[in-house]
Amino acid sequence: MENQLYIYNTLDRKKELFVPLHAPSVGLYVCGPTVYGDPHLGHARPAITFDILFRYLTHLGYKVRYVRNITDVGHLENDADEGEDKVAKKARLEQVEPMEIVQYYLNRYHKAMDALNVLPPSIEPHASGHIIEQIQLVKEILDKGYAYESGGSVYFNVEKYNKDYHYGKLSGRNIEELLNTTRDLDGQQEKRKSVDFALWKKASPEHIMRWPSPWSYGFPGWHLECTAMSKKYLGETFDIHGGGMDLVFPHHECEIAQSVASTGHDSVRYWMHNNMITINGQKMGKSLGNFITLEEFFTGNHKMLTQAYNPMTIRFFILQAQYRSTVDFSNEALQASEKGFNRLMEAYNNIENLKVSGQSTVDINALKAKCYEAMNDDLNTPMVISHLFEAARIINSNIAGQTNLAQEDIPEIESLFKLFLFDLLGMKDELKDGNASYDAFAKAIDMLLEMRMQAKANKDWATSDKIRNELTALGFEIKDTKDGFEWKLNK
RNA sequence: GGUACCUUGGCCGAGUGGUUAGGCACCGGUCUGCAAAACCGUCUACGGCGGUUCGAAUCCGCCAGGUACCUCCA
């Protein structure tokens with residue numbers, strides 16, 4: 001009964017009780033970023049979604065090995081020559097060094113994830129570091145007869161595979177329909193059927209990322225890395241594979257085919273997919289050119305943004321929707337999230353001001369149970385948040401003298417926030433956390449406000465308002481309370 | 001064209017048959033030197049049409065609109 005986690009499995013499109021294969025260990029694999037561009041809001045969704053899962057599974061007592069890959073074997077080609085600088089291009093240092101680009105964007109990705117308080121995964125394998133494993137996997141699939149070589153490239157034989165197994169079990173597609181709808185693409189002539197997909201591709205002269213293989217100097221196919229690396233680090237069968245919904249087909253379908261073709265059985269037990277972030281109702285994505293990078297959110301430096309948003313606002317905004325729903329970006333929605341989160345933080349900071357007042361009129365344990373219930377229901381973070389707002393209302397109304405709390409309620413409220421808001425939802429107080437000089441800073445503000453209290457006592461409204469107005473101009477919000485004052489810094 | 005999914009009040013978003021989601025915004029009240037915040041209260045809903053049911057936002061059908069995937073994409 002207690003803490004039975006149900007997760008929605010894309011394989012059968014319903015919520016299932018999560019039972020690990022080898023409790024207490026849990027293997028979790030999530031498709032990570034392709035590091036050829038700045039991370040945008042869309043990248044934050046799966047990172048945060050599976051961060052919540054990682055945190056919750058860990059909290060439930062599982063020992064989670066969380067693997068999130070880095071795709072760095074993209075099809076990078078030399079820039080088209082501009083005519084002028086062909087000589088320069090011959091100098092090695094003047095050429096694009098793919099790993100330099102990878103490193104640059106990977107650093108930026110990590111920085112953004114850190115800002116969003118996304119915990120680092122247990123292993124972050126690079127596709128480029130697992131070429132040997134990928135070549136081995138191609139060999140295995142060839143040996144089993146589900147692939148063929150053609151012109152130095154190797155393709156997966158989807159039709160043959162589909163006779164023995166089921167190609168399309170995840171995405172609900174069938175092969176006839178695919179044969180009719182797949183468009184003509186490069187390399188089509190090498191493939192026997194349009195549905196076949198590349199396991200290994202021979203590099204054309206412009207391709208600068210290339211590795212030796214039994215078939216050609218080339219590079220691994222698009223779907224290979226996840227199959228090879230999940231197998232290496234999590235085993236032939238593991239618990240959960242996650243990623244964005246846009247990866248269901250073809251990427252994850254092909255992963256299944258590759259695993260099954262090489263080992264004869266399924267590798268993934270639960271497939272989880274987060275939905276997209278939309279902008280004006282449309283998917284935010286690189287190909288549509290309608291994305292806003294995380295850095296632009298943090299700085300406010302984008303024409304569609306009316307202000308800067310701190311990373312915790314972005315995180316809270318994402319968590320206010322269930323991960324399988326689309327969430328539509330707008331300044332209005334983000335501002336609502338910002339205010340809502342501030343409300344929770346203020347309530348939390350007010351826990352120290354709670355007053356014991358006889359017979360308790362609230363049931364904190366029931367609230368905690370509801371939070372667990374929501375988490376167990378396929379990570380229903382918006383429900384958890386709504387229960388935390390209920391806790392915030394309890395705190396505020398106690399301070400306003402309208403709700404009675406018993407002594408034992410107070411540590412329970414505090415632990416409710418610590419567990420759900422901070423540990424599991426991964427929110428943090430950006431001003432205080434990791435800020436060694438916060439105490440001195442806070443005392444200086446307190447001192448100013450005490451001077452203001454003195455001025456108020458003397459009915460010196462000019463001085464009192466001057467202090468308040470100038471602090472307000474600096475971004476502080478000053479509140480007078482019955483016993484004194486409260487302040488916070490709006491970032 | 002095929003497949004899957006979606007359509008909740010001013011905005012964002014929960015909710016899978018009967019009980020208030022929640023946040024933001026708005027309005028009224030309390031408090032306040034003025035404010036701010038907080039508290040209390042009020043108000044806007046379930047795309048359309050049919051059906052099942054004692055009862056549907058929730059199940060079924062049709063219609064309308066939208067999105068995603070089918071091509072690298074979180």
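Only this structure's heavy atoms are used, side chains among them; waters, hydrogens and symmetry mates stay out. Naming convention: chains lettered A, B, ... in sequence-line order (proteins, then strands); numbering from 1 in each chain.
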Any N/O donor-acceptor pair, Asn174(A) side-chain to rG2(B) base, under 3.5 Å: no
Sugar-phosphate, base or nothing in reach of Asn380(A), heavy atoms under 4.0 Å: sugar-phosphate
Whole angstrom value for the distance that separates C1' of rG23(B) from CD of Glu346(A): 14 Å
Pair assignment for rG22(B), Watson-Crick or G-U wobble, requiring both distances under 3.5 Å: rC12(B)
Sequence neighbours excluded, every pair satisfying ring-ring contact (aromatic ring centres under 6.0 Å, His included) that has a member inside residues 317-343 of chain A: Phe297(A)-Phe329(A), Phe316(A)-Phe341(A)
Atom pair distance, as rounded to whole Å: CZ in Arg452(A) and P in rC34(B): 13 Å
Most 5' of Gln320(A) and Ser337(A) on RNA chain B, judged by nearest nucleotide: Gln320(A)
Sugar-phosphate, base or nothing in reach of Gly172(A), heavy atoms under 4.0 Å: sugar-phosphate
Distance-only donor-acceptor test, Arg393(A) side-chain atoms vs rC40(B) base atoms, 3.5 Å: no
Per Val327(A) side chain, nearest of listed nucleotides rC73(B), rG13(B), rC39(B): rG13(B)
Nearest listed nucleotide, side chain of Pro382(A), among rG13(B), rG23(B), rU3(B): rG13(B)
Side chain of Arg173(A) - closest among rC69(B), rA38(B), rA35(B): rC69(B)
Sugar-phosphate only, base, or nothing, as touched by His40(A) at under 4.0 Å among non-hydrogen atoms: base
Below 4.0 Å: OP1/OP2 of rA25(B) and any side-chain N or O of Lys339(A): yes
NZ/NE/NH1/NH2 to OD/OE distance under 4.0 Å, Asp51(A) and Arg315(A): yes
Sugar-phosphate only, base, or nothing, as touched by Val30(A) at under 4.0 Å among non-hydrogen atoms: nothing
Sugar-phosphate, base or nothing in reach of Thr326(A), heavy atoms under 4.0 Å: sugar-phosphate
Heavy-atom donor-acceptor pair, Arg13(A) side-chain to rA4(B) base, under 3.5 Å: no
Sugar-phosphate only, base, or nothing, as touched by Thr472(A) at under 4.0 Å among non-hydrogen atoms: nothing
Between P of rC73(B) and CD1 of Ile277(A), the distance in whole Å: 18 Å
Presence of salt bridge, Lys368(A) and Glu373(A), under 4.0 angstrom: no
Sugar-phosphate, base or nothing in reach of Asp328(A), heavy atoms under 4.0 Å: sugar-phosphate
Nucleotide paired to rC27(B) in any strand shown, Watson-Crick or G-U, under 3.5 Å: rG41(B)
Nucleotide nearest Asp246(A) (side chain, heavy atoms from C-beta), chosen from rC69(B), rA21(B), rC40(B): rC69(B)
Ala321(A), nearest nucleotide to its side chain (from rC39(B), rG13(B), rA37(B)): rG13(B)
Sugar-phosphate only, base, or nothing, as touched by Met245(A) at under 4.0 Å among non-hydrogen atoms: nothing
Distance below 4.0 Å between Lys283(A) side-chain N/O and rC69(B) OP1 or OP2: yes
Phe249(A), nearest nucleotide to its side chain (from rG23(B), rG10(B), rC69(B)): rC69(B)
From rC39(B), rU3(B), rA14(B), nucleotide with atom closest to Gln402(A) side chain: rC39(B)
Phosphate OP1/OP2 of rA14(B) contacted by Ser325(A) side-chain N/O (<4.0 Å): yes
Aro-ring/base stack Trp461(A)-rG33(B), d under 5.5 Å, angle under 30°: yes
Sugar-phosphate, base or nothing in reach of Leu334(A), heavy atoms under 4.0 Å: nothing
Nearest listed nucleotide, side chain of Glu332(A), among rG23(B), rC11(B), rG2(B): rC11(B)
Out of rU67(B), rC70(B), rA21(B), whichever nucleotide has its closest atom nearest the side chain of Met383(A): rA21(B)
Salt-bridge contact Lys111(A)-Asp114(A) (side-chain N to carboxylate O under 4.0 Å): no
CE/Met451(A): more than 12 non-hydrogen atoms of other groups inside 6.0 Å: no
First of Phe341(A) and Lys456(A) reached from the 5' end of RNA chain B, by closest nucleotide: Phe341(A)
Identified pairing partner of rC5(B), criterion: Watson-Crick or G-U wobble below 3.5 Å: rG66(B)
Base paired to rC59(B) (Watson-Crick or G-U; both N/O distances under 3.5 angstrom): rG51(B)
Whether Phe422(A) and Tyr348(A) hold their rings parallel, tilted or perpendicular, with breakpoints at 30° and 60°: perpendicular
Touch class at under 4.0 angstrom, heavy-atom based, for Leu247(A) against every strand present: sugar-phosphate
His273(A) to Gly244(A) - nearest heavy-atom pair and separation: CD2-O, 3.4 Å
Sugar-phosphate, base or nothing in reach of Gln322(A), heavy atoms under 4.0 Å: sugar-phosphate
Touch class at under 4.0 angstrom, heavy-atom based, for Arg343(A) against every strand present: sugar-phosphate
Nearest-Å distance for atom pair CG/P, residues Asp12(A) and rC5(B): 13 Å
Residues Glu253(A) and Arg173(A) bridged, charged N to O under 4.0 Å: no
